[in-house]
Amino acid sequence: MPELSPDGSADVVLLAGGAGRRFAAQRPGVDKLTVQLCDSTLIGRLVADLQPRWRILLVGHPLAAAAAPGRVVQLREDPPGGGPLPALAAGLERAVTPAVVVLGGDQPFAASAVPRLLAALAADPGALAAVGVDPAGRRQPLLSALRRERALRVVRELAAAGGLAGRPLRALLTPGAHGGLVEVPVSERECLDVDVPADLERARALLAGAPEQPGT
C-alpha cells in the first residue's frame with residue numbers, strides 16, 4: 001500500500017449534496033451553500049482557505065460548484081440525493097492520492113483542521129481514518145482523513161451488503177478489519193456547520209472577530 005504523500009498533498013472531497021431542508025424551512029428558496037458570507041459565499045469561503053496543493057472534489061449540486069469556478073472538480077453521487085455515503089463513494093472513486101480528506105460543504109472554517117488530520121493519519125500506519133472530535137467529545141465524520149484504498153474497500157463491501165443510499169458516514173468510520181480510528185481534537189469554529197440561519201449569523205460574527213465559546 002502506498003505511503004501518504006510526504007508533501008501533505010491530498011484530494012479533498014467536499015460533500016455538498018444535501019437538501020438543506022432546515023435552512024430552507026426558514027429561508028424558502030435559498031441554497032445555503034451560496035448565501036453571502038462576508039465577501040464570499042458560504043462554500044466559497046471554505047474553498048478559498050483550502051491550500052492549492054489540495055485538489056477539491058465537490059460532490060453535489062452544480063450550484064455549489066459554481067461558487068468556486070475553476071477550482072473544483074464537480075461530481076454527482078449515485079443516486080443523486082442518496083446521502084453522504086454515496087457522495088463519499090463518488091469522491092473516493094475519483095480521488096488519486098493515498099489520503100483523502102472529507103469535509104462538509106457547509107463548514108466554512110474546516111480548512112484549518114486538514115493539516116492536523118493528515119498528520120495524525122500519517123502517524124498511525126494501521127489507521128483507516130483520522131476523525132475530528134469536537135470539544136464536547138463527539139466525533140465529526142465530516143472532518144476526517146481516510147486512507148483511500150482501505151476506505152474504498154469498505155465502501156464496496158457496504159455497497160455489496162445492502163447498498164449505500166441513506167446510510168450515514170459512521171457506517172464507514174467504524175474500527176474493523178481495515179484499520180482503526182485516530183481521534184483529532186478540533187475546535188468549535190472548525191466544526192461549525194451552517195444548518196439554520198442562526199448558524200450563518202454565528203459564522204459572520206466569527207469572521208468579524210467574535211471569540212469562540214469557552215472551552216473551544
Side-chain angles (χ1 to χ4, degrees), residues 1-6 8-19 46 50 54-60 72-107 110-111 113-134 137-186 190-191 193:
M1 178 176 296
E3 295 297 325
L4 304 190
S5 301
S9 61
D11 287 335
V12 177
V13 177
L14 295 188
L15 303 191
L46 171 58
L50 291 168
W54 300 331
R55 188 175 66 140
I56 303 170
L57 305 173
L58 189 149
V59 187
V72 303
V73 177
Q74 205 268 322
L75 307 173
R76 197 64 167 133
E77 70 273 28
D78 183 21
L85 202 52
L88 175 57
L92 288 172
E93 293 285 359
R94 190 68 171 270
V96 296
T97 54
V100 174
V101 175
V102 186
L103 304 176
D106 61 354
Q107 296 173 300
V114 173
R116 302 199 311 280
L117 293 168
L118 289 171
L121 187 65
D124 188 341
L128 164 68
V131 184
V133 177
D134 70 19
R138 296 180 296 257
R139 287 178 179 167
Q140 300 291 324
L142 290 179
L143 272 172
S144 58
L146 314 173
R147 280 190 162 81
R148 176 180 173 271
E149 290 185 6
R150 295 183 191 180
L152 265 176
R153 285 199 291 270
V154 177
V155 164
R156 289 166 180 168
E157 289 171 3
L158 291 171
L164 302 178
R167 300 181 73 170
L169 285 183
R170 64 176 176 271
L172 168 64
L173 297 177
T174 302
H178 297 291
L181 302 181
V182 180
E183 294 188 341
V184 179
V186 294
E190 288 169 330
C191 61
D193 59 331

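With sequence neighbours excluded, the residues satisfying side chain to side chain contact (heavy atoms under 4.5 Å, CB included) with Pro115 are Gln51, Trp54. In this view, Ala127 and Leu121, Asp124, Arg147, Val182 satisfy the side chain to side chain contact (heavy atoms under 4.5 Å, CB included) rule, not counting sequence neighbours. Residues meeting the side-chain hydrogen bond (donor to acceptor under 3.5 Å, both in side chains) test with Ser9, sequence neighbours left out: Ser5, Asp7. Every residue meeting the salt bridge (Lys or Arg N to Asp or Glu O under 4.0 Å) condition with Arg55, not counting sequence neighbours, appears here in chain and number order: Asp11. Partners of Ala129 by side chain to side chain contact (heavy atoms under 4.5 Å, CB included), not counting sequence neighbours, listed by chain and number: Val131, Leu146, Leu173, Leu181. With sequence neighbours left out, the side-chain hydrogen bond (donor to acceptor under 3.5 Å, both in side chains) criterion links Arg116 to Glu190. Residues passing the side chain to side chain contact (heavy atoms under 4.5 Å, CB included) test with Ala123: none are found, sequence neighbours excluded. For Arg139, the side-chain hydrogen bond (donor to acceptor under 3.5 Å, both in side chains) partners two or more places apart in sequence, or in a different chain, are Glu183.
Across all non-hydrogen atoms, the minimal contact from Ala10 to Val101 is CB-CG2, 4.4 Å. The heavy-atom pair separating Leu75 from Ala90 by the smallest distance is CD1-O, 3.8 Å. When all heavy atoms of Cys191 and Gln107 are compared, the pair lying nearest together is O-NE2, 4.0 Å. Leu143 approaches Ala110 most closely through the heavy-atom pair CD2-CB, 3.6 Å. Here the closest non-hydrogen pair linking Leu46 and Ala111 is CD1-N, 3.8 Å. Summarising the geometry of Leu118 relative to Ala99, their closest heavy-atom pair is CD2-CB, 3.8 Å, with the distance given to 0.1 Å.
Judged as a salt bridge (Lys or Arg N to Asp or Glu O under 4.0 Å), the pairs with a partner in residues 78-94 (not counting sequence neighbours) are, in order, Glu93-Arg156. Applying the salt bridge (Lys or Arg N to Asp or Glu O under 4.0 Å) test to residues at least two apart or on different chains, none of the pairs has a partner in residues 158-174. Applying the salt bridge (Lys or Arg N to Asp or Glu O under 4.0 Å) rule to pairs touching residues 125-134 yields Asp134-Arg138, sequence neighbours excluded.
Atom CG of residue Leu142 and atom CG of residue Asp106 lie 7.5 Å apart, to the nearest 0.5 angstrom. Taking CG from Leu103 and CG from Leu117, the interatomic distance works out to 8.0 Å, rounded to the nearest 0.5 Å. A distance of 6.0 Å separates CG in Leu88 from CG in Leu169, rounded to the nearest 0.5 Å. With rounding to the nearest 0.5 angstrom, the CG atom of Leu172 is 10.5 Å from the CD atom of Glu157.
For the side chain to side chain contact (heavy atoms under 4.5 Å, CB included) test with Leu92, the passing option among Val100, Leu57, Val13, Val59 is Val100; the others fail.
In this structure, Glu77 contributes its side chain and Gly81 its backbone to a donor-acceptor pair below 3.5 Å.
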